[in-house]
Amino acid sequence: MNHRQTPTFALPSVENPQRTLVAAKRTAIFLALFLLLAGCWRLVLNQSEAKDLQQRTIASLPRSVIAVRSRPGETSRKIVLPASLRGNTETQIYARSNGYLSVWHKTIGDPVKKGELLAVIDVPELEDELAQGRAAQAQVKARLELAKSTLKRWTLLNETDSVVQQEFDEKRSAVLQAQADLAAADANVKRLEKIEGYRRITAPFSGVITRRAVELGGLINAGTQELFALTQTDPLRLTVWVPQAYANEIKDGQEVSVRLIEAQGKTLAARIDHVSGALDPVNRSRQVDITLPNPDGKLLPGSYAEISINVVGKVNPLVVPANVLVIDKAGAHVAVVDTEKRIAFRPVKLGRDFGREVEVLEGISPDDTLVASPSDLLVDGEQVSVADAHQKPDNLARVARAPR
């Protein structure tokens with residue numbers, strides 16, 4: 001009895017072993033060629049990706065900055081300062097004597113001439129005192145005439161030695177005393193007459209009454225109560241305070257423009273009359289007095305005005321965008337790209353601030369290329385790639401051209 005069993009996974013029988021071997025060789029060669037071609041393709045692909053990565057890495061190594069240029073600023077600056085119109089001469093008129101106002105002849109808005117009567121003060125006590133002084137003056141005059149007559153007779157007697165010398169000297173002394181008393185009486189009368197003249201309030205100069213602070217019958221106190229305010233309206237005067245930055249550019253006789261609100265944009269020509277020789281230590285500004293003609297009297301003192309003064313600077317400033325500035329503890333700097341595309345930080349001296357733009361007085365030239373919004377990572381001497389601020393980036397251009 002035969003107990004041999006057939007294996008479960010036995011290979012099938014091959015009728016032609018030679019043909020099977022050839023087919024296997026062909027399959028192996030095909031697989032080898034396929035693997036070789038796949039390896040070559042992968043190698044070429046890796047080399048291409050490596051080259052592209054290298055190019056992108058090289059391109060990304062220099063930091064990219066946005067370049068801007070400066071533009072010329074104004075060499076002639078116009079400064080506008082506030083001011084108020086004032087009379088060329090202004091004064092308040094006070095009384096020199098006490099009394100009651102008996103009459104006034106001028107009121108607000110009335111033009112007056114120099115020496116013209118404005119008001120009269122009634123002082124009854126002064127009139128009585130003046131009458132008493134004149135009476136005392138007359139008494140002294142009479143006494144002096146008697147003393148002179150007596151001295152004349154005693155002089156004739158003294159020549160014949162008919163009188164005592166002591167008595168003659170007394171008569172002569174009486175004449176000298178009477179003359180001194182008469183001089184004192186005359187001075188007293190003149191003083192009272194001058195005080196009496198103060199009852200008449202007159203204009204010290206020609207002008208216009210701008211204020212009247214008295215009424216009929218009002219009690220007047222000497223030196224403490226204002227009676228009238230007088231203003232000379234032609235020409236008018238303006239006072240402005242020029243900041244220290246422009247103080248040295250202001251000259252006597254310089255023409256300025258004056259603009260009033262009621263003038264509806266029109267400007268008036270005026271000139272600088274006086275310039276202070278020093279700066280005010282409180283506000284660091286220089287006082288300037290300006291004269292404005294007003295022949296027709298239409299311009300009113302006290303009006304608000306704006307003074308425009310053209311100031312010619314000593315330097316030619318440049319105007320740059322405000323985002324080019326780098327402010328640190330050392331001051332203001334800008335980043336400049338040189339001809340070799342390297343960064344150089346330069347200190348600058350700033351002028352006026354226009355908001356989005358700033359005036360630079362020193363530190364850069366018109367040909368310098370400036371960096372807008374410089375990064376904090378930029379260092380001095382670093383090489384960068386420059387892009388114009390007005391040139392649109394490629395990615396933004398592609399987004400703009402992409403269909404929605």
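Quick caveat, the model's predicted, so the values are computed rather than measured. Note that these values count all heavy atoms, side chains included, but never hydrogens, waters or copies made by symmetry.
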Is it true that a side-chain atom of [X] and a backbone atom of [Y] form a donor plus acceptor pair closer than 3.5 Å?
X      : Y      : answer
Ser375 : Leu377 : yes
Gln254 : Lys251 : yes
Asn98  : Ala222 : yes
Asp368 : Ile364 : no
Ser149 : Leu146 : no
Arg86  : Asn88  : no
Asn221 : Thr224 : no
Glu382 : Val379 : yes

Taking the basic N atoms (NZ, or NE/NH1/NH2) and the acidic carboxylate oxygens, is any pair closer than 4.0 Å for [X] and [Y]?
X      : Y      : value
Arg237 : Glu90  : no
Arg342 : Asp380 : no
Arg134 : Glu193 : yes
Arg286 : Asp280 : no
Glu255 : Arg271 : no

Check: [X]/[Y] side-chain N/O donor and acceptor closer than 3.5 Å:
X      : Y      : answer
Thr239 : Asp289 : yes
Gln287 : Ser276 : no
Asp367 : Ser365 : no
Arg69  : Thr369 : yes

So which atom in [X] and which in [Y] form the shortest heavy-atom distance, rounded to 0.1 Å?
X      : Y      : value
Gly355 : Ala322 : O-CB, 3.7 Å
Val324 : Ala372 : CG1-CA, 4.1 Å
Tyr304 : Leu260 : O-CD2, 3.5 Å
Val175 : Lys148 : CG2-N, 3.7 Å
Pro243 : Leu81  : CD-CD2, 4.2 Å
Thr202 : Ile93  : O-CD1, 4.5 Å

Heavy-atom count around [X] [atom1] within 6.0 Å, excluding the residue itself: above 12?
X      : atom1 : result
Ile108 : CD1   : no
Glu226 : CD    : yes
Arg200 : CZ    : no
Arg191 : CZ    : yes

Start with the C-alpha gap between Asp353 and Leu350, add the side-chain angles, then the distance that decides, and say whether side-chain contact (heavy atoms from CB on, under 4.5 Å) holds.
CA-CA 8 Å; Asp353 189 348; Leu350 302 181; over 6 Å; no

Distance, nearest 0.5 Å, that separates [atom1] of [X] from [atom2] of [Y]:
X      : Y      : atom1 : atom2 : value
Ile290 : Asp273 : CD1   : CG    : 9.5 Å
Asn283 : Gln244 : CG    : CD    : 10.5 Å
Arg172 : Thr150 : CZ    : OG1   : 14.5 Å
Trp241 : Leu279 : CH2   : CG    : 10.0 Å
His274 : Asp252 : NE2   : CG    : 8.0 Å
Leu230 : Asp110 : CG    : CG    : 11.0 Å

Can you list, pair by pair, the side-chain donor-acceptor contacts under 3.5 Å of residues 114-124, counting residues two or more places apart and other chains?
unit_1	atom_1	unit_2	atom_2	d
Glu116	OE1	Lys113	N	2.9
Glu116	OE2	Lys106	NZ	3.0

Starting from the C-alpha separation in whole Å, work towards a yes-or-no answer on side-chain contact (heavy atoms from CB on, under 4.5 Å) for Leu292 and Leu299.
CA-CA 10 Å; Leu292 177 64; Leu299 301 179; 3.5 Å; yes

Using the rule given for side-chain contact (heavy atoms from CB on, under 4.5 Å), can you reason through Val80 versus Ser308, listing the C-alpha separation, both sets of side-chain angles and the distance that settles it, and then say yes or no?
CA-CA 5 Å; Val80 180; Ser308 298; 3.8 Å; yes

Heavy-atom side-chain proximity of [X] to [Y] below 4.5 angstrom:
X      : Y      : value
Trp41  : Leu45  : yes
Val319 : Val358 : no
Val337 : Ile343 : yes
Thr91  : Phe205 : yes
Val68  : Val320 : no
Val348 : Val360 : yes
Val371 : Ile66  : no
Gln137 : Leu182 : yes

With side-chain contact (heavy atoms from CB on, under 4.5 Å) as the test, would you mind laying out the steps for Val334 and Phe345 before giving the verdict?
CA-CA 6 Å; Val334 294; Phe345 287 94; over 6 Å; no

